[in-house]
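Data block below; observations after.
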Amino acid sequence: MARENISVGIDWLNIVFENLHAKDVFDNILDINELYFSKQPRGIRYKSYTTLYQHGNIQVYADIEPSLNNPKGTGCYLNMSGIGCHQLKIYLDAQKRSWKDFFQSCAQQSGKSGFHITRIDVAIDDRNTKPAFTVAQLHRKCEKGEFISKSRHHRLQQSSSDKVKSAKTLRELAFGFLKGNLNFLVENPEQSNKSRWDSCRFWERFLENAEPVKLEIQPTVNTLLDTQDWLLEGGALAALKAFEFLEDKQALGGLQSLESMKKKTQFSTNLSAKIVTHLSMIGKSEFIPLVYEQTKQTEF
């Protein structure tokens with residue numbers, strides 16, 4: 001097994017900050033200008049957040065109404081999908097910060113109350129001809145209950161698209177997380193206490209001496225590609241061409257011209273998020289406020 005052919009990454013990250021406001025997260029943790037975030041009234045079920053701040057695929061829920069138990073109205077929830085993690089990694093690189101620096105900022109800004117990672121998906125990419133282990137091996141271990149984990153459940157989830165690549169993180173964080181939270185075991189019928197079962201050799205080999213693991217960034221996923229495919233394959237461009245043809249031949253009849261329709265048209269919040277992600281990934285974040293000016297606004 002060649003460790004240079006193994007990389008690890010973060011596919012999803014959710015963090016709760018109990019004592020911070022949204023601006024604290026923008027300025028001191030993400031280090032992204034607040035102007036680059038759209039703002040809309042949206043919360044999460046069973047939570048007190050009233051506003052969603054969104055920058056592409058980076059989401060911050062915040063603005064809790066002050067109460068007796070929370071007079072300052074503090075509390076934020078940071079949500080990043082795999083693409084959102086990759087989007088943030090581009091900012092971290094530009095800021096000359098690592099994922100380790102990012103988590104240290106989370107700890108420093110949160111103070112004594114700390115921060116809570118409610119979800120972290122770690123992806124392992126093993127490109128060896130003979131991998132350290134297979135997904136089927138791990139799945140069989142899980143089905144037989146031959147593992148110890150802080151999680152009470154397991155689920156086998158296949159990737160729905162090979163286009164999506166994971167944002168990569170530091171070796172210490174990823175392997176430390178795996179070693180501290182998950183262990184695969186060899187069943188011992190004579191011992192009822194799982195904590196006394198031996199660890200699988202393949203898992204020990206994989207986690208020990210992890211220093212040579214190569215960390216790399218896979219090609220970015222431009223979510224506007226989906227929209228581009230829709231334009232090409234869904235016939236939208238053909239419809240535009242039809243309107244241009246009718247307008248050129250002065251045969252619109254009661255139909256509106258493209259120019260008049262474009263003046264009234266605004267970006268949906270979903271399309272706006274895709275454009276913002278695209279701009280941040282190509283280093284053109286200065287145009288993001290202009291995108292929000294042309295985005296449909298939700299009433300508060």
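Just so it is clear, the model here is predicted, and its values are computed rather than measured.
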Could you give me the CA-CA distance, side-chain angles and deciding distance for Phe26 and Leu35, then say whether side chain to side chain contact (heavy atoms under 4.5 Å, CB included) is met?
CA-CA 10 Å; Phe26 302 148; Leu35 294 176; over 6 Å; no
Side-chain contact test, heavy atoms from C-beta onward, threshold under 4.5 Å: evaluate it for [X] versus [Y] and give yes or no.
X	Y	value
Tyr77	Asn79	yes
Cys85	Trp12	no
Asn14	His116	no
His86	Met281	yes
Arg97	Ser105	yes
Leu231	Leu240	no
Met80	Gln87	no

Output, in order, the C-alpha distance, side-chain angles, deciding distance and verdict of side chain to side chain contact (heavy atoms under 4.5 Å, CB included) for Thr51 and Lys39.
CA-CA 7 Å; Thr51 307; Lys39 181 181 178 181; 3.5 Å; yes
Would you say the side-chain atoms of [X] pair up with the backbone N or O of [Y], donor to acceptor, closer than 3.5 Å?
X	Y	value
Asn70	Gly73	yes
Gln59	Gly84	no
Ser38	Gln54	yes

What is the minimum heavy-atom distance between Tyr292 and His55, and which atoms define it?
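Shortest heavy-atom separation between Tyr292 and His55 comes out as OH-CA, 4.0 Å.
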Test side chain to side chain donor-acceptor pair (under 3.5 Å) applied to Tyr53 - qualifying residues, sequence neighbours left out
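For Tyr53, the residues satisfying side chain to side chain donor-acceptor pair (under 3.5 Å) (neighbours in sequence not counted) are Asp63.
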Side chain to side chain contact (heavy atoms under 4.5 Å, CB included) partners of Leu271, counting only residues at least two apart:
Leu224, Thr227, Phe267, Ser268, Ile275
Return the set of residues passing side chain to side chain contact (heavy atoms under 4.5 Å, CB included) with Asn193 (not counting sequence neighbours), or none when no residue passes.
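Residues passing side chain to side chain contact (heavy atoms under 4.5 Å, CB included) with Asn193: Gln191, Ser195, Arg196.
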Are [X] and [Y] connected, step by step, through hydrophobic side chains (Ile, Leu, Val, Met, Phe, Trp, Tyr) whose heavy atoms are closer than 4.5 Å?
X	Y	answer
Tyr36	Leu88	yes
Ile64	Tyr61	yes
Val276	Leu92	yes
Val60	Ile117	yes

Per-pair distances, 0.1 Å, donor-acceptor, side chain in residues 244-257, under 3.5 Å, sequence neighbours excluded:
| from | atom 1 | to | atom 2 | distance (Å) |
| --- | --- | --- | --- | --- |
| Gln256 | OE1 | Lys264 | NZ | 3.0 |
| Ser257 | OG | Ser260 | N | 3.2 |
| Ser257 | OG | Ser260 | OG | 3.1 |

Taking atom CG of Asn28 as the centre, report whether more than 12 heavy atoms of other residues, nucleotides or ligands fall under 6.0 Å from it.
yes
If you measure only the distance, is there a donor-acceptor pair under 3.5 Å linking the side chains of Asp101 and Trp99?
no
For residues Arg42 and Thr50, is any side-chain donor paired with an opposing acceptor at under 3.5 Å?
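On atom types as modelled, these side chains do not qualify, holding no pair under 3.5 Å.
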Does the side chain to side chain contact (heavy atoms under 4.5 Å, CB included) test come out yes or no for Phe37 and Ile32, once each step is laid out?
CA-CA 9 Å; Phe37 286 82; Ile32 299 176; 3.7 Å; yes
Sequence neighbours excluded and cut-off under 3.5 Å, please list the side-chain donor-acceptor pairs for residues 283-291, or say none.
| from | atom 1 | to | atom 2 | distance (Å) |
| --- | --- | --- | --- | --- |
| Ser285 | OG | Tyr91 | OH | 2.9 |

If you look only at distance, which donor and acceptor atoms sit under 3.5 Å apart when one is on a side chain in residues 15-25 and the other is two or more places apart or in another chain?
| from | atom 1 | to | atom 2 | distance (Å) |
| --- | --- | --- | --- | --- |
| Asn19 | OD1 | Ser113 | OG | 3.4 |
| Asn19 | ND2 | Ser110 | O | 2.8 |
| Asn19 | ND2 | Ser113 | OG | 3.2 |
| His21 | NE2 | Lys72 | O | 2.9 |
| Lys23 | NZ | Asp27 | OD2 | 3.0 |
| Asp24 | OD2 | His21 | N | 2.8 |

Ring geometry between Phe103 and Phe115 (parallel below 30°, tilted from 30 to 60°, perpendicular above 60°)
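Correct class here is parallel.
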